[in-house]
Amino acid sequence: MSRIGKQPIPLPDGVEVSVIETTVLVKGPRGELSQEISPLITVKETDKVLLVDRVEESPEARAYHGLYRSLISNMVVGVSDGFSKSLEIVGVGYRAALNGANLELQLGYSHPVLIKAEDGISFEVPAQTQIIVHGIDKQRVGQVAADIRKWRKPEPYKGKGIRYSGERVRRKQGKAAASN
């Protein structure tokens, strides 16, 4: 039995789950999400708890068990609390600003980089060197944060670039001075 898959998913107040054939729909105060699931997996709701189980003991069903339990759990957390990723900008002249709902970055290029806010994704810029990406879909929040980071990955010599908050960048020594 999957250690992750057999754990029940608690449903907070205000979150409704409906299972229609192979689709799980989760509605909450922040929005709604849906996920197609394999016919090898069943989802049952009992007493404000969701239980994910597998229909058969095939290797494919065993692999899907923990996956779908995690995906459904992330949907429940997303529609009730939401997810966020925090990024830091390091470098002279590098800064971020909100342009309406979109994010405008100055990253040392000859032009500003404009990142459009997708549906369900919002940006927050508490300081010029901090960006927070908010949303209800964990995968999309992480992907948007990774796409922002891709514009200027942290480089190992000076540490300049965009990094996740708390990320350690291994620094290289650089050129050594002549010893003669």
Side-chain angles (χ1 to χ4, degrees), residues 1-88 96-105 114-127 130-151 162-167:
M1 195 81 181
S2 169
R3 289 183 185 179
I4 299 292
K6 67 182 176 183
Q7 294 176 359
I9 303 169
L11 293 177
D13 292 335
V15 175
E16 299 173 11
V17 176
S18 57
V19 182
I20 304 161
E21 294 177 18
T22 61
T23 304
V24 177
L25 182 68
V26 180
K27 291 182 185 176
R30 291 184 177 258
E32 65 179 61
L33 294 170
S34 65
Q35 174 69 46
E36 289 286 324
I37 61 171
S38 170
L40 301 174
I41 301 296
T42 60
V43 179
K44 296 177 213 140
E45 181 180 358
T46 57
D47 303 335
K48 296 293 245 177
V49 170
L50 280 180
L51 297 173
V52 179
D53 202 9
R54 50 185 180 241
V55 176
E56 58 186 52
E57 289 297 319
S58 68
E60 187 179 12
R62 292 175 59 204
Y64 284 150
H65 192 193
L67 168 74
Y68 284 120
R69 189 264 177 213
S70 293
L71 290 175
I72 295 168
S73 176
N74 287 340
M75 289 168 44
V76 169
V77 171
V79 297
S80 59
D81 299 331
F83 291 101
S84 64
K85 281 272 191 186
S86 183
L87 299 162
E88 297 173 349
L98 283 176
N99 186 356
N102 301 326
L103 184 66
E104 188 174 302
L105 302 171
L114 186 68
I115 298 171
K116 297 190 187 304
E118 302 173 5
D119 283 345
I121 299 291
S122 62
F123 300 113
E124 182 183 338
V125 182
Q130 288 184 319
I131 304 167
I132 302 173
V133 182
H134 295 287
I136 61 172
D137 188 348
K138 186 175 186 177
Q139 190 274 330
R140 286 185 57 210
V141 168
Q143 187 62 52
V144 169
D147 290 343
I148 293 170
R149 183 179 183 270
K150 212 181 289 184
W151 280 99
I162 302 174
R163 63 180 79 167
Y164 297 112
S165 292
E167 178 183 3

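- In this structure, Lys44 places its NZ atom where only 12 or fewer heavy-atom neighbours from other residues, nucleotides or ligands lie under 6.0 Å away.
- Using modelled atom types and a 3.5 Å distance limit, the side chains of Glu56 and Ser58 yield a donor-acceptor pair.
- The structure places CD1 of Ile162 at 12.0 Å from NZ of Lys150, a figure rounded to the nearest 0.5 Å.
- Tyr164 and Ala145 make their closest contact through CE2-CB, 4.0 Å (heavy atoms, listed as atom of the first residue, atom of the second, distance).
- Counting heavy atoms from C-beta on, the side chains of Ile148 and Leu105 come closer than 4.5 Å.
- Listed here is the closest heavy atom pair of Asp53 and His65: CA-NE2, 3.8 Å.
- What you find for Ser86 and Ile132 is that their closest heavy atoms are OG-CG1, 4.1 Å.
- Between the side chain of Arg69 and the main chain of Pro8, a donor-acceptor pair closer than 3.5 Å is present.
- Taking all atoms of both residues into account, the shortest heavy-atom contact from Pro12 to Val76 is CD-CG1, 3.6 Å.
- Here CD of Glu118 is found 8.0 Å from CG of Asp147. Values are rounded to the nearest 0.5 Å.
- For the residue pair Gly142 and Lys85, the shortest heavy atom distance occurs at CA-CE, 4.3 Å.
- Atom CG of Leu51 and atom NZ of Lys6 lie 13.0 Å apart (nearest 0.5 Å).
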List the atom pairs, with distances to 0.1 Å, where a side-chain N or O of residues 16-23 and a protein N or O form a donor-acceptor pair under 3.5 Å, not counting sequence neighbours.
{"from": "Thr22", "atom 1": "OG1", "to": "Glu36", "atom 2": "OE1", "distance (Å)": "3.3"}
{"from": "Thr23", "atom 1": "OG1", "to": "Glu36", "atom 2": "OE2", "distance (Å)": "2.7"}

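- Qualifying ring-ring contact (aromatic ring centres under 6.0 Å, His included) partners for Phe123, counting only residues two or more places apart in sequence or in other chains: none.
- In this structure the side chain of Ile115 reaches within 4.5 angstrom of the side chain of Trp151, judged on heavy atoms.
- Heavy atoms only, all atoms of each residue included: Ile136 and Arg30 are closest at CG2-CB, 3.7 Å.
- Atoms CG and CG, from Leu71 and Asp137 in turn, are 9.5 Å apart once rounded to the nearest 0.5 Å.
- Ser70 OG to Ile9 CD1: the interatomic distance, rounded to the nearest 0.5 Å, is 8.0 Å.
- A donor-acceptor pair is defined here as one N or O able to donate and one able to accept, closer than 3.5 Å; no such pair exists between the side chain of Arg54 and the backbone of Tyr64.
- For Arg62 (side chain) and Glu57 (main-chain N/O), no donor-acceptor pair under 3.5 Å exists by modelled atom type.
- For the pair Arg149 (side chain) and Leu87 (backbone), a donor-acceptor distance under 3.5 Å is absent.
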Passes side-chain contact (heavy atoms from CB on, under 4.5 Å), Val43 versus Tyr68? Steps please.
CA-CA 9 Å; Val43 179; Tyr68 284 120; over 6 Å; no
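- Going from atom CG of Leu33 over to atom CG of Leu25 covers 8.5 Å, rounded to the nearest 0.5 Å.
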